[in-house]
Amino acid sequence: MKSQERHKLKENEFARTVVHAREVLATRQRDVTWAVAVIVALLAIVGGYTWWRQSTASRGTDLLASALAVYEAPVVPVAAPAPGSPAPVQQPGTYRTEQAKLEAALPKFLETADRYPSTQAGIAARYHAAGILATLGRFSEAEQRFQEVVSRAGSSLYGRTGRLGLAQAQVAQKKYDTAITLYTELSRDTSSQLPVDGVLMQLGRACALAGRKEEAVRAFTRVTEEFPASLYFTDAKR
């Protein structure tokens with residue numbers, strides 16, 4: 001009897017062990033299934049976001065290309081028609097004046113900038129729009145757009161050239177003090193990709209316009225002493 005009881009006890013213990021193992025396995029299987037599902041969901045989200053960013057960047061680039069096509073179109077003035085002759089037709093893809101071309105390109109750049117503001121295409125479009133506004137003499141609007149470029153582009157090349165354009169727009173509006181501050185910062189930026197001699201020339205001219213002659217002299221002197229091979233050397237010395 002004792003032998004049979006011991007045998008039954010072993011069978012019961014084995015059965016309980018099997019049941020427990022199945023329960024543990026089932027629990028772990030659920031955990032593994034859940035973990036796999038979470039990983040798959042995360043991969044789907046990451047993949048979808050990556051696709052969305054690439055798709056957005058591609059659409060922004062296409063729109064920027066369309067704006068650049070207008071911006072770089074040739075200017076072909078049309079001669080006045082002879083008396084009694086019909087008015088000449090402008091060649092497709094050309095513009096009669098530089099101003100007409102810029103005015104046609106401006107809304108295209110602004111559209112790209114507004115629709116894709118955080119992409120490289122959007123930042124580039126905003127920079128071109130700011131430059132066009134400055135060329136058209138709309139300096140207040142140009143200052144605003146250059147400031148937006150600086151805010152979005154950070155320390156990139158567009159960010160630095162945007163600050164340069166911002167300072168130029170401020171000089172055009174006689175905001176000399178803020179422009180001089182910007183030029184001074186750019187001239188001291190050792191990591192900048194901008195030509196320092198060119199920045200110093202702009203700084204000197206802004207100081208001269210503001211009546212800050214000693215600062216103007218210092219800026220021009222730096223050009224002659226630090227950049228003897230500069231294209232600006234003669235102008236700076238004069």
Side-chain angles (χ1 to χ4, degrees), residues 49-73 98-99 101-206 219 222-223 227 230-232:
Y49 177 70
T50 301
W51 174 86
W52 175 80
R53 284 194 62 182
Q54 291 175 343
S55 178
T56 299
S58 177
R59 292 195 298 271
T61 300
D62 290 343
L63 205 56
L64 175 62
S66 175
L68 286 171
V70 176
Y71 183 68
E72 296 171 356
E98 184 70 18
Q99 180 172 341
K101 182 180 73 171
L102 294 179
E103 289 176 346
L106 178 60
K108 292 183 176 294
F109 282 124
L110 291 176
E111 179 187 3
T112 306
D114 292 339
R115 289 180 62 180
Y116 306 100
S118 300
T119 64
Q120 286 297 310
I123 292 171
R126 198 176 300 275
Y127 178 82
H128 282 295
I132 289 174
L133 288 166
T135 301
L136 294 175
R138 296 160 60 176
F139 298 112
S140 177
E141 295 173 76
E143 180 183 4
Q144 177 186 347
R145 297 302 180 184
F146 277 127
Q147 184 60 67
E148 291 169 355
V149 172
V150 172
S151 299
R152 293 184 179 277
S155 60
S156 68
L157 183 58
Y158 271 120
R160 293 189 176 102
T161 53
R163 292 173 70 193
L164 189 61
L166 175 60
Q168 291 168 341
Q170 290 171 343
V171 167
Q173 299 174 84
K174 299 183 179 181
K175 298 180 179 180
Y176 299 125
D177 290 342
T178 53
I180 289 170
T181 299
L182 274 175
Y183 284 134
T184 301
E185 291 173 354
L186 288 169
S187 70
R188 294 173 179 170
D189 186 358
T190 57
S191 62
S192 176
Q193 296 172 279
L194 299 177
V196 178
D197 54 340
V199 175
L200 287 170
M201 285 297 297
Q202 295 292 342
L203 172 59
R205 288 166 180 161
R222 280 192 61 189
V223 176
F227 305 94
S230 171
L231 295 175
Y232 303 107

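Quick caveat, the model's predicted, so the values are computed rather than measured.
- Looking at every heavy atom in both residues, Ala142 comes nearest to Ala130 through CB-O, 3.5 Å.
- For the pair Ala167 and Ala179, the tightest heavy-atom approach, listed with the atom from each and the gap, is O-CB, 3.5 Å.
- In plain terms, the two heavy atoms of Phe139 and Ala134 that are nearest each other are CE2-O, 3.4 Å.
- The shortest heavy-atom contact between Thr112 and Ala121 is CG2-O, 4.0 Å.
- Heavy-atom neighbours of Glu185 CD from other residues, nucleotides or ligands within 6.0 Å: above the threshold of 12.
- The number of heavy-atom neighbours closer than 6.0 Å to OH of Tyr176, taken from other residues, nucleotides and ligands shown, is above 12.
- The environment of Leu231 atom CG is sparse: at most 12 non-hydrogen atoms of other residues, nucleotides or ligands sit within 6.0 angstrom.
- For Thr181 (side chain) and Asp177 (main-chain N/O), a donor-acceptor pair under 3.5 Å exists by modelled atom type.
- Taking 4.0 Å as the cut-off between side-chain N and carboxylate O, Arg115 and Glu111 count as a salt-bridged pair.
- Side-chain contact between Arg222 and Ser187: present, with at least one pair of heavy atoms (C-beta onward) separated by less than 4.5 Å.
- Exactly one of Arg138, Gln168, Gln173 qualifies for a side chain to side chain donor-acceptor pair (under 3.5 Å) with Glu143. That residue is Gln173.
- The line from OH of Tyr158 to CD of Gln120 is 7.5 Å long, rounded to the nearest 0.5 Å.
- A 4.5 Å side-chain heavy-atom check between Leu64 and Tyr116 finds every atom pair outside the cut-off.
- Note that CD of Gln202 and CG of Asp197 are 11.0 Å apart. Values are rounded to the nearest 0.5 Å.
- In terms of heavy atoms, Pro117 sits closest to Ile123 at O-CG1, 3.9 Å.
- By the 4.0 Å N-to-carboxylate-O rule, Glu98 lies close enough to Lys101 to be salt-bridged with it.
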**OP:** Evaluate the criterion side chain to side chain contact (heavy atoms under 4.5 Å, CB included) for residue pair Val196 and Leu200; output intermediate values, then yes/no.
**Re:** CA-CA 6 Å; Val196 178; Leu200 287 170; 4.0 Å; yes

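- For Tyr71, the ring pair (Phe, Tyr, Trp, His ring centres under 6.0 Å) test picks out Phe109, His128, with sequence neighbours left out.
- The side-chain hydrogen bond (donor to acceptor under 3.5 Å, both in side chains) test applied to Thr178 returns Gln170, not counting sequence neighbours.
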**OP:** Could you walk me through whether Arg126 and Asp114 pass side chain to side chain contact (heavy atoms under 4.5 Å, CB included), step by step?
**Re:** CA-CA 8 Å; Arg126 198 176 300 275; Asp114 292 339; 4.2 Å; yes

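- Taking the side chain as every heavy atom from C-beta outward, Ser140 and Gln144 never approach each other to under 4.5 Å.
- A distance of 9.0 Å separates CZ of Arg160 from CG of Leu186, quoted to the nearest 0.5 Å.
- Residues Tyr183 and Val171 have side chains in contact (heavy-atom distance under 4.5 Å, counting atoms from C-beta outward).
- In this structure, CG in Leu106 is found 4.5 Å from CG in Leu110, a value given to the nearest 0.5 Å.
- Here the NZ-CG distance, from Lys175 to Leu182, works out to 11.5 Å after rounding to the nearest 0.5 Å.
- What you find for Ile180 and Thr184 is that their closest heavy atoms are O-OG1, 2.7 Å.
- Between Leu63 atom CG and Leu68 atom CG the span is 10.0 Å, to the nearest 0.5 Å.
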